[in-house]
Peer 1: 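Handing you a structure now.
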Amino acid sequence: MKATAKDKHISLTPILHPWIQQLLHDKDLLAETVKQENSPVNIQSVLPFRENIAEYQTIFERYGLKHKIYFARKANKCLTFAKVAAAAGEGVDTASLKEMQQCLEAGISGDHLILTAAIKNIPLLELAVQHHVTIIIDNMDEYESLDSIVRANEVPATISIRVGGFLMEDEKIPTRFGFSLTEAYRILTEQIKDHPFLAFNGLHFHLNGYSIDQRAAAIVQCIDLIDKLAAEGISCQQLDIGGGYLVNYLERKEEWITFHQELKRAVLGQRSALTYQNDPLGMTLINGQLYGEPTVYPYHNEQAKGIFLEQILTSQAVPYDKPIHELIQARNLTLCIEPGRSLLDQAGITVARIVFRKQDTEGNLLVGLEMNRTQMKSSSADFLLDPIHITHQSTEQQEAVSGYLVGGYCLEQEFLLKRKIQFATYPQVGDLIVFPNTAGYMMHFFESQAHQFALASNVFCNENLHMDKHDGD
Ligand SMILES: Cc1ncc(COP(=O)(O)O)c(C=O)c1O
């Protein structure tokens with residue numbers, strides 16, 4: 001369908017932290033950084049990261065809770081953030097041998113680390129034991145491996161047990177992780193209680209998705225288990241409720257709502273496309289009927305970070321008739337969280353250079369960037385934030401144009417964003433495109449080196465807008 005006068009472009013305006021706004025005004029510095037570091041470059045700042053830690057600390061203090069924040073390193077590979085978390089008195093959640101080794105080599109003590117890796121091989125378990133890192137046990141084979149290590153070496157180790165399969169409205173929340181609550185009770189009472197080397201310190205869970213109610217239900221079910229264990233003389237010092245705290249990426253709720261409405265109209269053929277080849281972003285069209293919702297992150301939401309945590313803590317714990325925070329405090333538990341994405345909110349941008357403009361066979365404008373799709377990739381169907389076009393052209397007497405951003409991998413699907421982007425002026429070769437708020441997962445989680453492309457460099461922008469090289473990958 002051809003665009004009509006009614007087919008307005010739908011903006012999705014990103015929230016920009018002041019450090020990003022300041023940097024965007026310094027076009028020469030951005031250009032110089034790309035020239036020095038090549039395209040694309042990840043520019044990051046520890047300022048928002050510190051603020052995000054402080055936001056969670058404030059909530060814990062408000063409810064008088066003993067706490068520990070373990071930054072989930074998997075969300076960004078730069079060691080700098082792990083060091084900042086430790087310097088703020090918090091800890092780091094490590095998910096691989098290298099993540100743990102780097103933290104230890106950086107001087108972060110093992111007491112401030114936890115190990116949640118999905119696959120824990122023998123060298124990883126041995127390193128954790130050697131440095132007194134709390135090991136989160138997920139399954140019996142993992143337990144047996146650790147048991148052999150500590151018995152063979154006659155050394156102690158501290159463990160938490162990962163639990164899952166919580167009930168929500170009589171339905172089990174499905175997961176591939178952890179022990180059921182019943183199994184956890186059995187191994188704790190039968191195998192771990194009198195273990196000569198293993199010290200149990202608590203329960204752990206991490207839930208997929210962003211449900212406050214599910215988290216509250218999971219906490220209550222953990223508390224029930226903690227009480228049953230206490231009756232058997234097994235004391236639990238901490239409860240770790242994992243990550244998954246929402247981030248709000250967008251300025252305006254109306255834009256978010258309008259985007260959903262207009263995407264549906266577009267897919268139904270009632271207006272021009274908002275996405276390349278009218279991609280439904282996860283919805284299904286069958287015989288003119290549209291099913292489902294776009295499978296995208298809730299980029300706009302009103303319950304982000306500290307508010308999200310606070311809503312969990314103030315949820316009413318159903319059979320107890322008390323808020324969650326009171327249950328935790330009454331048992332003198334340390335409440336641990338493992339935020340990744342939300343600690344990195346506003347902590348980074350990805351900048352790439354425009355290399356070509358062309359039209360595809362359908363007449364769409366394609367803007368080629370010197371980067372590839374894995375260097376700014378979401379696990380959601382699209383990253384729904386407007387990128388920012390940096391150009392020296394004046395916008396006066398220019399007409400806005402729209403088109404799509406494409407990258408360097410030789411696939412028909414190599415679109416950096418599926419969404420059609422509006423440019424205030426026609427993009428020029430050498431102009432820059434800035435993708436905002438990419439530090440959490442977007443810049444590192446999926447990056448690959450197909451075609452032998454180099455990985456992007458990572459630099460840190462300090463308060464004087466000076467770019468420091470990232471220390472170690
Ligand atoms: C065990 C565990 N903890 C913490 C996290 C971090 O989650 P988020 O970045 O959504 O806060 C994850 C993410 O997958 C995880 O698997």
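Order of listing sets the numbers, starting from 1, for every ligand and every atom in it.
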Peer 1: Could you check whether the rings of Phe49 and Phe81 sit parallel, tilted or perpendicular, using 30° and 60° as the cut-offs?
Peer 2: tilted
Peer 1: Salt bridge (Lys or Arg N to Asp or Glu O under 4.0 Å), that's the test. Do Asp240 and Arg162 meet it? Break it down for me.
Peer 2: CA-CA 9 Å; Asp240 180 341; Arg162 183 161 181 165; over 6 Å; no
Peer 1: Less than 3.5 Å between some nitrogen or oxygen of Tyr441 and one of ligand 1, yes or no?
Peer 2: yes
Peer 1: Return the orientation label for the Phe445 and Tyr441 ring planes: parallel under 30°, perpendicular over 60°, tilted otherwise.
Peer 2: perpendicular
Peer 1: At a 4.0 Å cut-off, with the gap strictly under it, does some heavy atom of Ala75 reach an atom of ligand 1?
Peer 2: no
Peer 1: Does Phe383 form a ring-ring contact (aromatic ring centres under 6.0 Å, His included) with Tyr299? I'd like the steps, not just the answer.
Peer 2: CA-CA 8 Å; Phe383 188 53; Tyr299 291 99; 5.8 Å; yes
Peer 1: For atom 7 (O) of ligand 1, which of Ala95, Gly178, Gly244, Ala72 has the closest heavy atom?
Peer 2: Gly244
Peer 1: Among all protein heavy atoms, pick the one closest to atom 15 (C) of ligand 1 and tell me residue, atom and distance.
Peer 2: Lys74 NZ, 3.1 Å
Peer 1: Using a strict 4.0 Å cut-off to heavy atoms of Pro339, name the atoms of ligand 1 that fall inside it.
Peer 2: 11 (O)
Peer 1: Say you draw a straight line from CZ of Arg353 to CG of Leu432; how long is it, rounded to the nearest 0.5 Å?
Peer 2: 7.5 Å
Peer 1: Asp93 heavy atoms, cut-off 4.0 Å: which ligand 1 atoms fall inside?
Peer 2: 3 (N), 4 (C)
Peer 1: How are the rings of His325 and Tyr63 set relative to one another: parallel (under 30°), tilted (30 to 60°) or perpendicular (over 60°)?
Peer 2: tilted
Peer 1: Hey, do the aromatic rings of Tyr210 and Phe308 have their centres closer than 6.0 Å?
Peer 2: no
Peer 1: Which heavy atom of the protein is the closest neighbour of atom 14 (O) of ligand 1, given with residue, atom name and distance?
Peer 2: His206 NE2, 3.8 Å
Peer 1: With backbone taken as N, CA, C and O and side chain as the heavy atoms from C-beta onward, which portion of Arg162 lies under 4.0 Å from ligand 1: side chain, backbone, both, or neither?
Peer 2: side chain
Peer 1: With heavy atoms of Arg341 as the reference, note each atom of ligand 1 found under 4.0 Å away.
Peer 2: 8 (P), 9 (O), 11 (O)
Peer 1: Based purely on interatomic distance, does Glu338 place a nitrogen or oxygen under 3.5 Å from a nitrogen or oxygen of ligand 1?
Peer 2: yes
Peer 1: Any nitrogen or oxygen of Gly340, main chain or side chain, under 3.5 Å from a nitrogen or oxygen of ligand 1?
Peer 2: yes
Peer 1: State yes or no: are the ring centers of Phe205 and Phe166 separated by less than 6.0 Å?
Peer 2: yes
